[in-house]
Amino acid sequence: MTRRTVDIPVGRGAEMGMDARPAMGPLAPVDVAEPDIGSEEMLINIGPQHPATHGVLRLICELDGETVLSVTPHIGYLHSSFEKLGEYRTYNQIVPLTDRMDYLAPLIYNCAYAMAVEKLMGIEVTERCKVVRVICLELDRIFSHLLWLGTTAIDVGAFTPFLYAFQERERIYQLHEELTGARITTSATRVGGMMSDLPPGWAEGVREFIDTFPRTLNEIDALLTTNAIHQGRTMNIGAIGPEDAVDCGLTGPNLRASGVDYDVRKDRPYYDYETYDFEVPVGENGDCYDRYLVRMEEMRQSVAILHQALDRLPDGPINVEDPRISLPSKTDCMSDMESMIHHFKLIMDGIDAPAEDCYFSVEGSKGELGMYLVGDGGPKPVRWRIRPPSFVNLSAIAKLAEGHLVADLIMINASLDIVLGEIDR
């Protein structure tokens, strides 16, 4: 398998002959006599209800004036006990819990969980289901990155990109609603397939979105990538090298921005990702600006994957045709007694999984998303544990923010792209 990467910078401004990352030489020293006023360090709370924390997060900052000496993130304000709740529900009943962990990319969590259960049970889904799930994964990668892009622009003081990004997100919300009946809490997957096949015209709606979305993305690119204010707020801010990034456990765009070429879709392919033609954007400096550039290019690569997935979308069943796993159709339930019995047994008793354990991970929008399941031969997992990327990425904020200003801390927090639903879970 040929491995290709995209070097950063990748902005449209660079294509037009503009240097996306201009050389920033040292500032000339200024001889200013500062009076010794004997300042002392302060402890400042940011959050847990502060909009700049992107969720119910509390940052306890030790400051010397406006300089951050240390940051201690406090979590748990949104604790929902998802992992423990899963031990009291059948495997299919857990699906609605997964889209509430990252409500900014619910289909990714739906698919990752179903794929982990199917690995545990040794279930091979249909070819149509594989391609449909790839479409869901990449569509919600764009969905998540757009919210990050819009809110990060707000943090840097740019309002127009926020409007552009949320306009495109609304189009994906409509696709969510057409596919699942819900905008955020999608609950789209089932063990062995999907809740239903694609509605008429849905694939064409996705095609229309990816045909027109790049134009808006290029407009946002033109507004931000070579903007002096945006560059000044993000370049050389929150930088972390590749060795430190690996030591901190960073994954996803945060890791690749530091120059580490790691993507689960390439390194541990699933659902035939090795047959799709796409590239992995990798940065060099590991700062807020490179994290921005990597996510911008990732959206373009997701568009390329979606085009290929729609082109190869096969006909055939969406669910495994096994009455022990998949529900019969409503028509069969209303006309055939055996189908009604199968439906009743699956709903009331669930699907038995072997007394084994398994771990399965996918490349989520925020990094490596892992699902660990332990079965005991019954219809409910004995243990369900998640490796949420935001939880691990957040742990690096203390290292990234040390020595920066409070204003820089806001940008660093935004650049990590966290969501508290999966952190507290």
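Nothing fancy with the numbering, it's 1 onward along the sequence.
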Q. Between Arg100 and Phe82, is NZ or CZ placed under 6.0 angstrom from the six-membered ring centre and within 45° of the ring axis?
A.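 Judged by the rule (NZ or CZ under 6.0 Å from the ring centre, within 45° of its axis), Arg100 is not positioned above Phe82.
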Closest approach of [X] to [Y] (non-hydrogen atoms, all atoms of both residues):
| X | Y | result |
| --- | --- | --- |
| Ala165 | Leu146 | CB-O, 3.5 Å |
| Ala309 | Val131 | O-CG1, 3.3 Å |
| Met195 | Ser187 | SD-O, 3.8 Å |

Q) Are Thr212 and Arg171 close enough that a side-chain donor and a side-chain acceptor fall under 3.5 Å? A) yes
Q. Between Arg141 and Glu298, does at least one N-O distance fall below 4.0 Å, as a salt bridge requires?
A. no
(Q) Any heavy-atom pair between the side chains of Val132 and Cys129 that's under 4.5 Å? (A) no
Q. Below 4.5 Å, heavy atoms only, C-beta onward: do Arg169 and Gln174 meet side chain to side chain?
A. no
Q. Among Leu250, Asp290, Asp263, which one satisfies side-chain contact (heavy atoms from CB on, under 4.5 Å) with Arg256?
A.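 With Arg256 as partner, Leu250, Asp290, Asp263 yield a single side-chain contact (heavy atoms from CB on, under 4.5 Å), made by Asp263.
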Q. What is the ring orientation for Phe143 with Tyr173, classed by angle as parallel under 30°, tilted 30 to 60°, or perpendicular over 60°?
A.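 Ring orientation, 0 to 90° scale: perpendicular.
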Q) Which class fits the ring pair Phe360 and Tyr270: parallel under 30°, tilted 30 to 60°, perpendicular over 60°? A)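 Aromatic pair Phe360/Tyr270 classed perpendicular.
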Q | Rounded distance [0.5 Å steps], CG in Leu409 versus CD1 in Ile44 | A | 12.0 Å
